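This structure is in structure tokens; I'll ask about it shortly.
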Protein chains: 2
Amino acid sequence: MPALPPPTLILRHCGMLLTMAGDRLVDARGPLGIIADGVVVCHGAIISFVGPDAAYAGLACAPGDAPPLEIDLRDRVVMPGLVDPHTHLIFAGERADEYHARLAGATYAEIAARGGGIVATVRATRAAADASLLALARDRLRTMARYGTTTVEAKTGYGLTPEAEDRLLALAAALAAEPDLPQIIPTFLGAHAIPPEFRDDRAAYVALLRTEMLPRFTGRARFCDVFCESGYFTPEESRAILSTARDLGYRLKVHANQMGASGGAAIAAELGATSADHLDYADDHDLERLAAAGVVATLLPGCSLMSNLPYPDARRYLRHGLRVALATNLNPGTSYTENPQLILALAIAQMGMPIADALLAMTRHAAAALALDDRGVLAPGARADLSIWSIRDYQEIGYHFGTNLVEQVIIGGRAPAYEDRSRLARDSHHRNADRSV
Amino acid sequence: MPALPPPTLILRHCGMLLTMAGDRLVDARGPLGIIADGVVVCHGAIISFVGPDAAYAGLACAPGDAPPLEIDLRDRVVMPGLVDPHTHLIFAGERADEYHARLAGATYAEIAARGGGIVATVRATRAAADASLLALARDRLRTMARYGTTTVEAKTGYGLTPEAEDRLLALAAALAAEPDLPQIIPTFLGAHAIPPEFRDDRAAYVALLRTEMLPRFTGRARFCDVFCESGYFTPEESRAILSTARDLGYRLKVHANQMGASGGAAIAAELGATSADHLDYADDHDLERLAAAGVVATLLPGCSLMSNLPYPDARRYLRHGLRVALATNLNPGTSYTENPQLILALAIAQMGMPIADALLAMTRHAAAALALDDRGVLAPGARADLSIWSIRDYQEIGYHFGTNLVEQVIIGGRAPAYEDRSRLARDSHHRNADRSV
């Protein structure tokens, strides 16, 4: 390990520390790696030590170093910051009227005929000014952080022209450069829908994606994703787009088998995607192939809640040995929520997901769904992204539902400055203010 | 109307004001009584004027009066404070381990054999100190207020001895006397379960309820409620307890038909209860009788979420012409949430409840479920209990789910002093501070 600067933040006496770094097979503490009365030592944005608080006495500050900020977290649960690996973060336009109309019996076709659906959001997003899109997304990111999230995947897909998709990636990069927001992992989802102007020539849009947009955005998006579903992109189109992306160096994601047996799961396995998302209609054969290919299964129960559809049975995915991730799927059509804690509650109560698997699904396995191995666990060398919960036992999660049990997050070793609710943030501000003098 | 003191608080330019005082049949604005750019004038704890802001110019302060606090609420939805008409507010002891065990397949019988269930909460509540119970309930009430609730029904039922039930009513009265909390409406639920010490002589417990507890608590609880369900109180026991209560001047509520055809709904109709609650297993004949008797049907979808049970279909209850109320049913066993907004989202998404009916169900009809006609609507003479939402259109409710869309409540004409999040509360504090000089 490279030499570290002196510690900057020490979380002491964490009542129940969940490292998420345990091993199900060999670690008696289970996969959650639970440490009672724990300590986490941060050097800037990196964790240097995690263990029982009693072990901390052995670490000493060099004389002359500024003393680190120490925070006492007894009676708190501390775990990695939550990772939300599937969101459509940047959009304008709300579709509340469409939502209530749909629940009152309007069909998707009727809503599309009125100009609703994804294209309605495309229209509103294209028309919105940069500043307005940034303000909307920033508010969402702050809400996410308040509810415990410290890393957010953000898909494009409401632009659907080279320029409009470029702008969404530029806005994602601008947000990523702002301090104290959850870290953003950008995904290019130009293949979200066939834009209205290509309705009669879908081949031309697929070609535009492959020959212009994908080469142009190389290095600016970590992932390429395709909505492989009847009415959106066919398996053949999806395979062509994703193959091109892979050749250009993108990692892959697939919106797969959400509304039917779309073939998306098989393509995700075939091309070695990092994750396949939704998977409500993936059959056991699909799940076998995904497991064999090491693809993470990202389940999105917000859609089930909002659209009154059956929830996927998490036990089926777990039985196949898949790593299961969970995400909010924040989007203005089918899952308009920023709250990862409600997603955990739904997974536990409605999807038959044991709480330990649910917590892994929003930390370690959610990081795996983003091909990130530096977060989702608390361990030396990992990012200092943490969530601090105002509860004494992690089993409270899911059980005490609907309100915000997170007191504070730490993102890259810092308490977000916009967050004025907690003692911790205030202490941290004062400390920062002191230091700047 | 009696002469009023000068106005103390004026909510101006409310972007979308929902009075909930419209009449479905005669009012073109519909039952929500929507006013664009509205104004609400409060005189202390009472509303004196509600209307379009343009009409406000006609109201003048007498010279020499202290000017009222004016708050500009453009781009906000303003409606009555939410009423939560079914909670088990005051308890100690969490049952998270039991919850996760139940989801993992443990039966109610197994959990009871381990000492779980209602009696576990009875044991923990009896053992808790007054200060501890008050602190727990106060925290819950503040959370409820943050999410929009300004009136909370609070049941006893975790004491189950004369002294322990007396203490719970005394604690409810103590909380009711604290400033800035939601108003508490106490319900006596000594008939929540047969306490362990009467397991072999249930008749003696029923007699204790009728001859000692009910007479003792007259005037201290507004309602008497009975858990009429297999394994709890039989229809005959329920009828006997409720009849005694009615004769003593209590209004009545019934936990009815939650787990089966318990007969509770029929008893609620027969005895003219104010509300019948749960009603998952009430058949059409039950609903007809309830409608004919003017009983409010209080539905509790939190139980369905937490226990993974089917949601009641709200349309069936509405079709019978019942006034339907919604409540959190906050309790540590089957619905551990303080959040009325999530209940609205569940009613809309999962119970087929049109949004207008859902909003009525947590305002005007929820007040009716507590036999209160001074709240749940915004009208002259009503209590100045309001919820201010950081949204422009009420249709956002249910659609944008899982997070807190309420910016602020006003309880009895005051912004709660413990609430430091919003501009409004801060302005209000400063104002109060100014005045005290």
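Throughout, a chain's letter reflects where its sequence line sits, starting with A, and its residues are numbered from 1. Given the structure is predicted, the values throughout are model-derived calculations rather than measurements.
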Applying the side-chain contact (heavy atoms from CB on, under 4.5 Å) test to B:R140, which of B:L89, B:I90, B:T87, B:L181 qualifies?
B:L89
Counting heavy-atom pairs under 4.5 Å with chain B, the top scorer among A:Q395, A:M353, A:E338 is A:Q395
Kindly give the heavy-atom pair with the smallest separation between A:A327 and A:P85, and that separation in Å.
CB-CD, 3.4 Å
Determine the option with the most heavy-atom pairs under 4.5 angstrom with chain A, choosing from B:L305, B:L103, B:N339.
B:L305
What part of B:R102 lies closer than 4.5 angstrom to a heavy atom of chain A: side chain, backbone, both or neither?
neither
Under 3.5 Å side-chain donor-acceptor pair for A:E94 and A:Y336:
yes
Per-residue tally against chain A (heavy atom, under 4.5 Å) across B:A104, B:S304, B:P332, B:G302 peaks at B:P332
Among the options B:T337, B:L342, B:I348, pick out the one with the most heavy-atom pairs lying under 4.5 Å from chain A.
B:T337
Any idea how B:Y399 and A:Y99 line up, ring-wise: parallel (<30°), tilted (30 to 60°), or perpendicular (>60°)?
tilted
Which bit of B:S335 comes within less than 4.5 Å of chain A, counting heavy atoms only: side chain, backbone, both or neither?
both
Hey, which of B:D180, B:L141, B:T150 is the one that makes side-chain contact (heavy atoms from CB on, under 4.5 Å) with B:P416?
B:D180
If you tally heavy-atom pairs under 4.5 Å against chain B, which of A:R315, A:Q341, A:R95 wins?
A:R95
Side chain, backbone, both or neither: which part of B:L330 has an atom under 4.5 Å from a heavy atom of chain A?
neither
Test side-chain contact (heavy atoms from CB on, under 4.5 Å), reference B:H278, set B:T298, B:N329, B:L299, output is B:N329
